[in-house]
Structures are given as C-alpha cells and as structure tokens.
Protein chains: 2
Amino acid sequence: MSHTLGIRQAQKQKTRQALLDAALALLEEQSLSSLGLREVTRAVGVAPTAFYRHFRSTADLGVALVEEALGSLHPMIRTTVSTTGDPEERVARAIDLIARHVDGYPAHVRFIARERHGGVQPVREAIRDQLARFAQEVKTELAKDPVARGWSEDDLLMLAHLYVDQMLSTASLFLEALEGPEEERADRTLHVTQLATRQMRLIGLGRQHWLD
Amino acid sequence: MSHTLGIRQAQKQKTRQALLDAALALLEEQSLSSLGLREVTRAVGVAPTAFYRHFRSTADLGVALVEEALGSLHPMIRTTVSTTGDPEERVARAIDLIARHVDGYPAHVRFIARERHGGVQPVREAIRDQLARFAQEVKTELAKDPVARGWSEDDLLMLAHLYVDQMLSTASLFLEALEGPEEERADRTLHVTQLATRQMRLIGLGRQHWLD
DNA sequence: AATTCCAGAGAACAGTTGTTAACTGCATGG
DNA sequence: CCATGCAGTTAACAACTGTTCTCTGGAATT
C-alpha cells in the first residue's frame with residue numbers, strides 16, 4: 001500500500017523520529033510541560049528552527065508520542081484478556097504480558113503514566129481517548145465470555161475500565177521495580193507480580209458473583 | 001500546646017503559606033517540574049530571593065504541598081472505610097466523602113494526581129509514602145470487619161492498596177467532571193458516582209468470596 | 001537541463017530563568 | 001535601651017528560552 005517514498009521524505013521522517021526518541025529520553029527525568037524545544041533539538045544535533053518543520057510545539061510532539069506509545073498496542077489487548085484457558089491461567093498470562101511490555105518499552109510506559117494527569121491538556125485528552133478505546137475493546141472481549149450473560153452494556157464497560165486502570169497501575173509498579181537498584185529488581189518484580197495477580201483474581205471473583 | 005508565636009514568626013508563616021497557595025494555583029495549568037521560583041514569588045508579590053527563606057527549591061516546596069494535601073487527610077480514612085452500616089450504605093458513604101473532598105479541595109486533588117507519577121523524584125516519593133500510610137490505615141480498618149476472618153496480612157494489604165488506588169482514580173474522575181462546562185457538571189458527577197459505586201460494589205463482592 | 005520546492009542552518013530578538021552578594025528595616029532578647 | 005537576628009529587598013550575572021526572518025543546498029518536478 002505505501003509506495004517507497006523518496007530520499008527527501010525518508011530523511012524527514014528520520015529526523016522526526018530522532019526528535020521523538022530524544023524527547024522520550026529527556027522525559028525520563030522531567031514532565032512534558034517543562035520540556036523545551038531547544039533542549040530536544042540540541043539532543044538530536046539539529047538547529048532549533050528545524051523543530052518547526054515537524055511539530056507546532058512540544059505539546060504537539062507529546063500528542064505524537066501518545067500515538068507512538070499506545071497506538072500500536074491495540075492488537076495486544078485481544079490476547080491480554082482472551083477467553084481461552086481457565087481464569088487463573090488467564091490472569092497469569094495477562095500480567096506476564098504487561099511485565100514484558102514494561103521491560104521492552106519502559107520509557108513509553110513512564111510517559112503515559114506521567115502525562116495521563118500531566119500539565120498539558122491536549123496530551124491528557126489524547127491519552128484519555130486511547131484508554132477509552134482500550135476500554136471499549138476490553139468490553140467487547142469480555143462480552144464473549146459466558147460469564148457475561150445477563151450483564152448490561154454499562155456494567156461491561158464499568159468492568160472494562162476497572163481492568164484498564166488495573167493494567168496501568170500494574171505497569172507503573174513494574175516500572176518502579178525496574179528503576180530500582182539491580183540487586184532488588186528480581187525481588188520487587190516478583191512482589192509486584194504476586195500483588196497484581198491477587199488483585200486481578202479478586203476482581204475476577206467479583207465478576208463471577210456480580211449477578212447474585 | 002503551641003504557645004502564641006511572635007509577630008516575626010507569624011509574618012514568616014504567612015508568606016510561606018502565600019507561596020504555597022500561589023504555587024498550588026499555578027500548578028493547575030502545569031507540572032511541578034516546570035514551575036519556576038520567580039513565577040511563584042511574582043504571583044505572591046515578593047522578591048525572588050525571598051523564596052530561599054522558606055524553601056531550598058521548587059521541589060522542596062512540592063514536598064511541603066504533599067504534606068498539606070495528604071497529611072491532614074488521615075483522620076478521614078477511618079470514617080471512609082468504617083465498619084458500621086450495611087455494605088451498600090458504606091460504599092455510598094465513601095464515594096460521597098470523596099466527592100465532597102474533591103469539591104472542597106480540587107487543587108490539592110489535582111496536584112496529587114499529577115505529581116504522583118510526575119517528573120520530580122522527591123515529590124513522587126513523598127506521595128508514595130503518604131499513600132502507603134493510607135493503605136496501612138485502611139488495612140487495620142479492614143481487619144476489624146468479620147469478613148476479614150482467615151485473611152492473611154498480605155491479602156489484607158493487597159486489598160487495601162486496591163481500595164486506595166480506586167479512591168484516587170475516583171477522585172480524579174470527579175475532578176474532571178468538575179473542570180468541565182457548568183451545564184454538564186451535574187450529569188457527569190452523577191455518572192462518575194454510579195460508575196464508582198458499581199466498581200466498589202464489585203470489589204466488595206470479590207472480597208466476600210475471597211476465601212472460597 | 002532548467003526550475004521549483006523545502007528541510008534544515010544561521011543569526012538575531014526580547015524576555016525569561018536560578019543564584020550570588022550586599023543591603024535595610026524592624027522584631028527580638030539581653 | 002541597645003545590640004543582635006533575620007525576613008525581605010535591590011541589583012546584577014550569565015545562561016537559557018521560543019520565535020522571527022533570511023538564506024542555502026540538494027531533491028523533486030517539469
């Protein structure tokens with residue numbers, strides 16, 4: 001579908017990606033609202049004015065980062081809350097998937113956790129929209145389960161939001177474990193896994209007895 | 001207990017509080033990591049250098065704000081998860097308490113939600129510590145309930161953390177409803193109340209069937 | 001081969017930032 | 001009453017910020 005783009009466009013996208021990468025790295029130690037455009041271009045090695053060829057402002061760049069961090073994550077949702085296997089196995093699989101994702105893309109996870117309630121409105125909205133999409137997808141996945149018989153649409157969405165929040169909370173905990181000193185890492189990761197497993201299990205129990 | 005402090009100390013505390021108030025107001029539209037010390041002193045109407053008489057840095061001020069926002073909240077915990085009344089009534093009371101608190105101190109709630117995963121490490125740690133204290137208090141309150149018979153200490157703390165996270169999430173939703181346009185406020189507040197009620201109810205169900 | 005386009009460079013702008021030093025005036029304790 | 005302490009002021013600093021305008025070299029188009 002995408003015909004090979006010329007040298008021109010390719011080089012442009014390359015610098016654009018370099019700007020996004022540099023920004024993401026800088027955002028490990030600060031918030032988006034304090035990220036300066038000069039700071040980003042300096043890290044990439046281009047002139048400050050080059051920034052404007054790609055983004056209107058750092059807030060604009062932030063919205064693009066939301067897309068990069070969450071946009072490609074939708075296919076994963078289906079497998080995370082898939083219907084196959086017994087409940088206990090499903091919980092273990094979901095948490096393992098979260099742990100792996102945090103391991104693979106820690107900066108993305110940190111960015112989302114930080115800017116979800118951060119100081120830049122357009123970015124907050126972009127994250128909220130993406131998470132709402134996740135909740136919708138989780139909802140349609142939940143609806144497939146026989147346990148969902150007799151559930152109202154509202155209740156399904158309510159539970160979906162609870163799951164999405166729980167996933168984010170767990171991801172954030174895994175990230176904190178990852179940031180700590182090397183020697184504590186294994187212990188803390190295990191601890192988070194156990195905590196998250198039991199919380200998910202408890203929510204699952206509430207789900208089973210919802211219609212009593 | 002506190003003997004009346006002299007004119008000198010009183011005036012100092014007054015400016016200190018003015019700095020905290022001004023900072024909190026400025027933080028409604030940005031994050032702490034982008035808050036400048038000059039910005040704060042300008043808003044108060046004092047010289048920039050006066051700032052140093054009270055705080056080493058804006059990060060230091062942030063830690064003081066955490067104390068102000070959460071420190072005085074501990075007595076409320078007991079009533080929020082109190083043991084009296086039937087489960088449904090307790091849920092309603094807890095959510096009503098949260099809604100009232102968000103109404104009374106919206107800036108404090110926003111600050112905590114924003115800086116919990118924000119870009120300033122000492123502030124993150126201060127919030128984490130306070131929330132851990134909350135969890136401990138919720139845990140001892142949960143332990144009083146007959147339903148908690150046979151629960152391990154770990155499981156009690158696991159549930160306590162789940163409740164604390166849920167409270168924060170709910171508070172944040174109430175805040176969003178409060179920030180929206182006047183005409184939507186009532187509707188959105190009601191919607192959040194219903195959502196939070198059902199989520200708490202579901203967690204309560206999981207709690208009841210935990211030992212099956 | 002000649003022309004247009006455009007990503008990035010360069011220089012300059014007014015305004016901002018945190019931090020230092022030396023000061024002033026007034027409440028405080030001897 | 002007088003000497004000390006200290007909250008807040010004033011002035012100055014080098015460094016930094018976002019944004020504008022002008023320019024350039026090479027890819028893209030004709």
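Letters A, B, ... are given to chains in the order of the sequence lines, protein chains preceding strands, and every chain is numbered from 1.
The distance between atom CZ of A/Arg38 and atom P of C/dC13, rounded to the nearest whole Å, is 14 Å. Taking atom CD1 of residue A/Ile7 and atom C1' of nucleotide D/dT29, one finds them 14 Å apart after rounding to whole Å.
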Practice task
Could you give me the CA-CA distance, side-chain angles and deciding distance for B/Glu39 and B/Gln30, then say whether side-chain hydrogen bond (donor to acceptor under 3.5 Å, both in side chains) is met?
Solution key: CA-CA 12 Å; B/Glu39 203 178 346; B/Gln30 60 181 316; 2.7 Å; yes
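For the pair B/Arg38 (side chain) and B/Pro48 (backbone), a donor-acceptor distance under 3.5 Å is absent.
Of the residues in residues 44-67 of chain B, those with a non-hydrogen atom less than 4.0 angstrom from any atom of DNA chain D are B/Val46, B/Ala47, B/Thr49, B/Ala50, B/Arg53, B/His54. Contacts between residues 11-33 of chain A and DNA chain D, defined by a heavy-atom separation under 4.0 Å, are absent.
The aromatic rings of B/His101 and B/Tyr105 sit tilted relative to each other, their planes meeting at an angle between 30° and 60°.
DNA chain C is contacted by both B/Gln9 and B/Leu37; B/Leu37 maps to the nucleotide lying nearer its 5′ end (nearest heavy atom per residue).
Side-chain N/O atoms of B/Arg8 and base N/O atoms of D/dC6 include a donor-acceptor pair closer than 3.5 Å.
Looking only at side-chain heavy atoms (C-beta outward), B/Val46 and B/Phe51 stay at 4.5 Å or farther from each other. Residues A/Leu142 and A/Tyr163 meet the side-chain proximity criterion, which asks for heavy atoms closer than 4.5 Å.
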Handout entry: Per-nucleotide pairing state of DNA chain D [Watson-Crick or G-U, under 3.5 Å; [ ] pseudoknot-crossing; | other strand]
Key = ||||||||||||.||||.|||||||||.||
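OP1 or OP2 of D/dT17 sits under 4.0 Å from a side-chain N or O of A/Arg42.
B/Thr189 contributes atom OG1, which lies 11.0 Å from atom CG of B/Leu173 (distance to the nearest 0.5 angstrom).
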